[in-house]
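The block underneath contains the structure these notes are about, expressed in structure tokens.
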There are 2 protein chains.
Amino acid sequence: MLVDTGTFERSPHACHHGRSGEGCADCKVRLISVCSVLALAELEELEALSHHLTLDKGQTLFGQGEPAGSVYNVIDGALRLTRLLPDGRRQVMGFALPGDFLGLALQERYSVSAEALGPVETCRFGREDFAEVMAAKPHLLKSLHERAGYELNLAQEQMLLLGRRTAEEKVVAFLLSLRDRYARTGHSSVTVELPMGRQDMADHLGLTIETVSRMLSRLDRAHAILLVPGGVRLLDVPRLERMAAS
Amino acid sequence: MLVDTGTFERSPHACHHGRSGEGCADCKVRLISVCSVLALAELEELEALSHHLTLDKGQTLFGQGEPAGSVYNVIDGALRLTRLLPDGRRQVMGFALPGDFLGLALQERYSVSAEALGPVETCRFGREDFAEVMAAKPHLLKSLHERAGYELNLAQEQMLLLGRRTAEEKVVAFLLSLRDRYARTGHSSVTVELPMGRQDMADHLGLTIETVSRMLSRLDRAHAILLVPGGVRLLDVPRLERMAAS
DNA sequence: CGTCCGATTGATACTCATCAATACCAGTGG
DNA sequence: CCACTGGTATTGATGAGTATCAATCGGACG
């Protein structure tokens, strides 16, 4: 069931062989990724093990159940993380954005599939390599563990949403949480980009595509948001926050 | 909003002051808890920091949002882990059983409330104390991280359940997952104990108490399960597994 | 025996899914 | 430039599944 992902990968160590502006030190997401806890010397050490990897829209970074051979830092773009039921029903567990770390559970097999929502840039490490570095650097492990705690928190938030919120609350809460995540990485704005399609949102919120569309239309008609191509503009954040019932 | 939990705690170090059969080495859950990765010498070190703590049914171990002053090993009994929406809607994130570790995210504040479903026995550590020990023992941190990965996996499973399964599938999947968890801790049996009430199950599965009750009755009438006081007997596991659509 | 609390069962209402048609938009080729 | 195509989003009509409301049951306990 593996499709040819046709990813493009530079040769290992590409970053530090004299190319300008490509090293980890200049990395766009250095300060918001796990790498932020590393000293410069450590960074170089890790850099020697890194592989730059890019994907196009729709390509699969890894599939649910596959042996987890690599871990990844997302540098640019967005991915969706999905689980499938045998009969095809799909749940989108979340979306990975720049600065996120994929594979932080360090398990034998990937528990989700990761697919690019658009052009994506990642920094790949062999799992063995990374595990070795981590064994030598407890503060890196600690940082990873903190991220895991954060992920667990998000997962709980999402469970609450899926189990106890109405369709409208789900959509509103999703828009606000996306805005918060963008804000944390610097891109603060009233206009929230939606790199995923309606079906992805639906599968994330436990709804159908039609219901998501209806709720967005309704919010638009109520002038709480403004639908724009590729995203939404949040017009009345206080009202949205009340609607989300968080 | 803090109720008097009225918990009973022995004086610190109670375990190793000559009392027989009370040390960590004899701990009932030693081999299935995080402590399983510790050598005997390390175990004694940790034991010096441990506090034995018991709760009665309904008592709160800690509340959502409170500063996370302690972490806990569950020795006996069961707790429910809940999150509340401002308007009172409740989501049960999961149930803690013997061998489980509470507070493994090591965050500033508890992200859930933990309430005893019956008599509960725990092993408490001050968060600072535990963090210190962990800083000195990377393999303990690694073990905790692995547990976090496992929790994350469970959380994803639950998201899939909440978002994409029908009421019947939810109830069946819940019964089977409980059986699996009991099996992992040794208590393998076709009779699955249900230490939680119907409302707890409902709040865990994103249903109402009535729907849970109806589904259980229906399964009983269909001779897939047998409702017994305090639990269920799984009569036709293969069929249940088909119904769960996992 | 009566009370209390949780569980079960029934009748009805409502939210959201389903089915279906249409609109929109980007790309492609005539 | 404009028709055609495929994919995605929107909108509408209807129905299924589950929530809600209400009554009854059943066991534990005083």
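Chain letters run A, B, ... following the sequence lines, proteins first, then strands; residues in each count from 1.
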Self-check item: Any A:Q64 side-chain heavy atom under 4.5 Å of A:L84 side chain
Solution: yes

Quiz item: Nearest nucleotide by nearest heavy atom, which residue falls closer to the 5' end of DNA chain D, A:V212 or A:R164?
Solution: A:V212

Quiz item: At under 4.0 Å between heavy atoms, what does B:G230 touch on the DNA or RNA strands: base, sugar-phosphate, or nothing?
Solution: nothing

Quiz item: With a 4.0 Å cut-off on heavy atoms, is B:S217 in touch with a base, just the backbone sugar-phosphate, or nothing at all?
Solution: sugar-phosphate

Practice problem: Pick base, sugar-phosphate or nothing for A:L207, based on heavy-atom distances below 4.0 Å to the nucleic acid. | Solution: sugar-phosphate

Quiz item: Could you give the CG-to-C1' distance, from A:L227 to D:dA9, as a whole number of Å?
Solution: 10 Å

Quiz item: Taking atom types as they are modelled, is there a donor-acceptor pair under 3.5 Å from the base of D:dG17 to the side chain of B:R214?
Solution: no

Quiz item: Starting at CG of B:L205 and ending at C1' of D:dA19, how long is that distance when rounded to a whole Å?
Solution: 15 Å

Exercise. Report yes if at least one side-chain N or O of B:T211 is closer than 4.0 Å to OP1 or OP2 of D:dA19; otherwise report no.
Key: yes

Quiz item: Quick one: does A:E193's side chain get under 4.5 Å of A:V232's, heavy atoms only?
Solution: no

Quiz item: Rounded to the Å, how far apart are B:M201 CE and C:dT8 C1'?
Solution: 14 Å

Quiz item: Starting at the 5' end of DNA chain D, which residue's closest nucleotide do you reach first, B:G206 or A:L216?
Solution: A:L216

Quiz prompt | B:D203 CG - D:dT18 C1' separation (whole Å) | solution = 15 Å

Quiz item: Considering all heavy atoms of both residues, which atom of B:G149 and which atom of A:A105 are nearest to each other, and what is their separation?
Solution: CA-CB, 3.9 Å

Quiz item: Is the distance between the ring centroids of B:F174 and B:H204 under 6.0 Å?
Solution: yes

Quiz item: Which whole-number value in Å describes the distance from A:R198 CZ to C:dA23 P?
Solution: 19 Å

Quiz item: Is any side-chain N or O of B:E210 under 3.5 Å from a base N or O of D:dC21, one able to act as donor and the other as acceptor?
Solution: yes

Quiz item: In whole angstrom, what separates A:R218's CZ from D:dG12's P?
Solution: 13 Å

Quiz item: Mind checking whether B:L160 and A:L85 have side chains closer than 4.5 Å, heavy atoms only?
Solution: yes

Quiz prompt | Whole angstrom value for the distance that separates P of D:dT18 from NZ of B:K170 | solution = 8 Å

Quiz item: Of A:T208 and B:G197, whose nearest nucleotide on DNA chain C comes first from the 5' end?
Solution: B:G197

Exercise. Describe, as an angle rounded to 10 degrees, how the axis at the first end of the helix from C:dC1-D:dG30 to C:dG30-D:dC1 is tilted relative to the axis at the last end, five pairs per end.
Key: 20°

Quiz item: Choosing from D:dT10, C:dC16, C:dT8, which nucleotide comes nearest the side chain of A:T166?
Solution: C:dC16

Quiz item: Does A:Q91 reach the side chain of B:L161, with side-chain heavy atoms less than 4.5 Å apart?
Solution: no

Quiz item: Any cation-pi pair here, A:R127 with A:F62, using under 6.0 Å and within 45°?
Solution: no

Quiz prompt | Heavy-atom check, side chain of B:R80 versus side chain of B:M196, under 4.5 Å | solution = no

Quiz item: D:dG12 P sits how many Å from A:I209 CD1, rounded?
Solution: 17 Å

